[in-house]
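As a basis for the values below, the full set of heavy atoms in this structure was taken, side chains included, without hydrogen atoms, waters or symmetry mates. Residue numbers begin at 1 in each chain, while the letters A, B, ... track the order of the sequences. Just so we're clear, the structure is a prediction, and the values are computed from it rather than from any experiment.
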Amino acid sequence: MNDAVQPNHPESPRAEPVRYDFAGAEPRWQAAWTGRGCFDAPDVPDGSKPKYYVLEMFPYPSGKIHMGHVRNYTLGDVVARYKRARGHQVMHPMGWDAFGLPAENAARERGVHPAAWTYQNIATMRAELQRMGLSIEWAREFATCDPSYYGQQQKIFLEFMKAGLAERKESWVNWDPVDNTVLANEQVIDGRGWRSGALVEKKKLSQWFLSITKFAPELLSALDGLDRWPERVRLMQANWIGRSEGARVRFALATPAAGMDEVEVFTTRPDTLFGMSFLAVAAEHPLAAAAAAANPAIAAFITEVRSLGTSEATIEQAEKRGIDTGLRVAHPFIEGVTFPVWIANFVLMEYGTGAIFGCPSGDQRDLDFARKYGLPVPPVILPPGGDPATFAIGDTAYTDDGQLYNSGFLDGLDMAAGKRAAIAALEAKGAGNGVVNWRLRDWGVSRQRYWGCPIPVIHCEACGTQPVPAGQLPVILPDDVDFKKPGNPLDNHPTWKHVACPQCGSAARRETDTFDTFVDSSWYFARVTAPRAETPLVAEAANGWLPVDQYIGGIEHAILHLLYSRFFTRALNGLGKLGTAEPFAGLFTQGMVQHASFRAPDGRWLAPDEVEPTAEGGATERATGLAVTVSRNDKMSKSKRNTIDPGAIIDRYGADTARWFILADNPPERDMEWTESGVSGASRFTQRLFRLVSASVGGLPLPGTAPAEGAGRDLRRVTHRTIAAVTEALETFSFNVAVARIHEFANAIEAAGAQDAAARREALEAIARLISPMMPHLAEELWSLLRPDEKMLVAQLAWLDSNASLAAADSVTLAVQVLGKLRTTLAIPIGTDEATVFALAEADENVQRAIAGRPIRKRIHVPGRIVNFVV
RNA sequence: GCGGACGUGGCGGAACGGUAGACGCAGCAGACUUAAAAUCUGGUUCCCCCCGGGGAGUGCGGGUUCGAAUCCCGCCGUCCGCACCA
């Protein structure tokens, strides 16, 4: 039997210091947990206990774990261990988000195959995570690059296709010229690729899109129900989905162009239609192309605008530029009047219809544009108290509410009524209608990369795009690829893409694009409930475990990954594959782990072990003795050489110490600074606890000995109060407070001494168990010292209950104020009647001095807290 | 520009509207050491004071309240997200 509970009676205390041998103990307890299957979850929750699914975002196997991982997985492990002890059936899995560009870059730079590189990294990182003592059920582990995973993903995609949720369409896409691939909108940050940092270009390509926009209304409205999500993440998603109410308005072209006889515009301000001065279209708009074909100056303008691209938006913001196409449109409400059609650089093809009507008096951008090109600025909204005869627009558009004028049938209405009336009139004339517009766009998932999940379709010239037949799935990535040539290695492969059309049998071409890796991470949380199944999901398992009760990860995924996962879950729900519509009931976003960085006078970055701290809080370089620039709270990065290797920390201090420090330092949602002094402080505490227990066991009564009635009362009170306080702190993610309470508890146990041995045993056993979610190995070690014959591990025990009557105080310290200022404190027995409390308080000499003979006008007593005299 | 969060000792931070600064880090003093490390003890918001104590204090200015770090209004600052979104 693999029973790690070993008799470990320390000898009676000797002079030599006892030290906790974490290096020996930690692997021993890890083996004990695994040996007993402490962390195994049933395939389907069996209903004997409430289920609880704890999930931390799967790591990308980049090489080694970093401190951000340590923090993330420690937080999750505290929750998992705590919930298990609270009687939940807990699912706590781990795996790898394993497709992605770094593997391909490694292949190009070092000639390692992406698969070999990835699986090697996984092996390294798995071993590192296992050293942390996480309560993970490793049997469920998988990597998204396993064919057994991505093959199932291909099935889901084909289901999406069948359901009309995936389609191939030609569109303007974001092209990353460094990574040579398309990027989703969400992956373009400040006009640059999220990974390469290269300026993104606009290209027109045929791509696969997932219809996330079909779910825009529910993705937005369901945010309200996610009450265990951080408010700011919900706001970010709401902004990203971007609902706005307005109208589509069709303007008839005076002369048809580009096969069109009208231009459609989206506006949120149909009330200001009478303030129109011009119509403007985006450079990518079909009308712009038509105008360019006839006029080289226009063609040159378009080329110029496009070359600036979205990336220059910030710089270009001030400057509105445009060119008149010569085309004119009729106004829907004003007979016989036409307006010019311009191409303008501030009109975006990807929002609304790619065309706007310009109302300079009511929109700052339109006003800037009109002023620059000398277009008219007719005012249509009169501010409250304004004089219609004299009101004029200067350099600032009037965007607030007011009364419509110069607006025909809208005259006299306010903004809201004007909008309603204008929309009604447009609909009556057939010139437009009220609509809700969404900022969210469909998710382009095609990537021109090798190391991703192949998109399972075949292109046949005769039959069109065909799904790969079920019998030919999974479409496996070929191993023999050449990374020397530029471009997509799958496309360059000599044979892989040549296949027969499943429909007609003639020569056809396999799709060589792979999926965006965010597809892989959009359903892994469901797959892990049945990771080896022959179907993507097993309904009983997925529906039994989902939604994830507590999801934990970085705020950087606030939009991308979380929105895509919500979409996938809703789509699978709609297809009847999942019983839940939201994947993550609770979300916690942790802060970053930072570290001071050090820079020598000549600009070299120095590693922490190359500098010596000075008394003033600065530092000098060890090798040269020169002062270095210290900047605190820098994100850990290889270039600044301020990374701390978790493996080295565990070697030196043990996993429990690393976990304890990371939890103790500050609230988990904030950024934390990793400090050497902080870790050594945590290390001191682990040793102190071990000394406390090992030095005490000799004098304790047998396990199970109840303290005599009334004995050791003060210590027992602290014990039961601490149990309540730590429980409360763990429930609310206040892990730093839980740590502080345990510190206080340890101080109190030491201060109490050995007066009542049974109460001391109770306290020591409690502290051993209270630390267990945070320092699981030390908890087991202490428990085995205290209960050498106990068969159950702490990991198998139920959480402690606080006994309310033992926790109750029999006297309280009451603060006594005069006019809200503290004058003294009084120790008052619980249950003292109010009149006595007032009398005692009033009799105090400090209180008397503060009252200074004045009559007391009011006496306030909050039992157990405060007395306040108002004079 | 729009939206959001946050400002508490030297530092990280604690505080159902009720004794501000728990707990830790750092530094200071002392004990144990030949010495150091380790460990233990004490004090550490600022100012005044002989003890007892008194005054000020949670970014700034107002307000509500017997009582405000906490609630409300207005500033200032820091950080984050979105950003030519029609």
**Message:** Is it the case that the side chain of A/R854 and the backbone of A/I851 share a donor-acceptor pair, with hydrogens and angles ignored and the cut-off at 3.5 Å?
**Reply:**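 The answer is yes, because a donor-acceptor pair under 3.5 Å joins these two groups.
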
Is the [X] ring parallel, tilted or perpendicular to the [Y] ring (thresholds 30°, 60°)?
X      : Y      : answer
A/F869 : A/F838 : tilted
A/H561 : A/H557 : perpendicular
A/H331 : A/F251 : perpendicular

**Message:** Please report the distance separating the C1' of B/rC6 from the corresponding atom of B/rA56, rounded so that it comes out in whole Å.
**Reply:** 26 Å

**Inter-nucleotide C1' distance (B/rA15, B/rA22), Å rounded** =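 So the two C1' atoms sit 8 Å from each other.
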
Tell me: [atom1] of [X] to [atom2] of [N], nearest whole Å?
X      : N      : atom1 : atom2 : result
A/N868 : B/rA68 : CG    : C1'   : 13 Å
A/L563 : B/rC82 : CG    : P     : 13 Å
A/R19  : B/rA38 : CZ    : P     : 10 Å
A/F685 : B/rC40 : CZ    : P     : 11 Å
A/E744 : B/rA22 : CD    : P     : 10 Å
A/I555 : B/rC79 : CD1   : C1'   : 13 Å
A/R865 : B/rA15 : CZ    : P     : 13 Å
A/W240 : B/rC80 : CH2   : P     : 18 Å

**Item:** A/F278 ring center within less than 6.0 Å of A/F369 ring center
**Value:** yes

**Nearest-nucleotide 5' precedence on RNA chain B, A/D671 against A/G820** = A/D671

**Item:** Residue whose closest nucleotide on RNA chain B lies nearer the 5' end, A/T268 versus A/K858
**Value:** A/K858

**Prompt:** Would A/E750 and A/R691 pass as an ion pair if we require N to O under 4.0 Å?
**Reply:**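 So A/E750 does not pair with A/R691 through a salt bridge.
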
**A/R717 with A/D714: basic N within carboxylate O range, under 4.0 Å** = yes

**Message:** Within a 6.0 Å radius of atom NZ on A/K372, are there more than 12 heavy atoms belonging to other residues, nucleotides or ligands?
**Reply:** yes

Using a cut-off of strictly less than 4.0 Å, decide whether [X] has a side-chain nitrogen or oxygen near OP1 or OP2 of [N].
X      : N      : answer
A/R684 : B/rA26 : yes
A/R688 : B/rA38 : no
A/R365 : B/rC85 : yes
A/N736 : B/rA14 : yes
A/R857 : B/rC66 : no
A/R321 : B/rC84 : no
A/K635 : B/rC79 : no

Could you run down the sub-3.5 Å N/O contacts of the protein with nucleotides 49-53 of chain B?
none

Candidates [options] - which lies nearest the side chain of [X]:
X      : options                : value
A/V870 : B/rA22, B/rC66, B/rC82 : B/rC66
A/R670 : B/rG13, B/rA26, B/rU19 : B/rG13
A/R439 : B/rC66, B/rA20, B/rA83 : B/rA83

**Complete:** Its glycosidic angle compared against 90° from 0, B/rG74 adopts the form anti

**Message:** Counting distance alone, no hydrogens or angles: does the base of B/rC82 have a donor or acceptor under 3.5 Å from a partner atom on the side chain of A/N239?
**Reply:** no

**Message:** What's A/S734 touching, base or sugar-phosphate or nothing? Going by heavy atoms closer than 4.0 Å.
**Reply:**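 Nothing, no nucleic acid heavy atom in range.
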
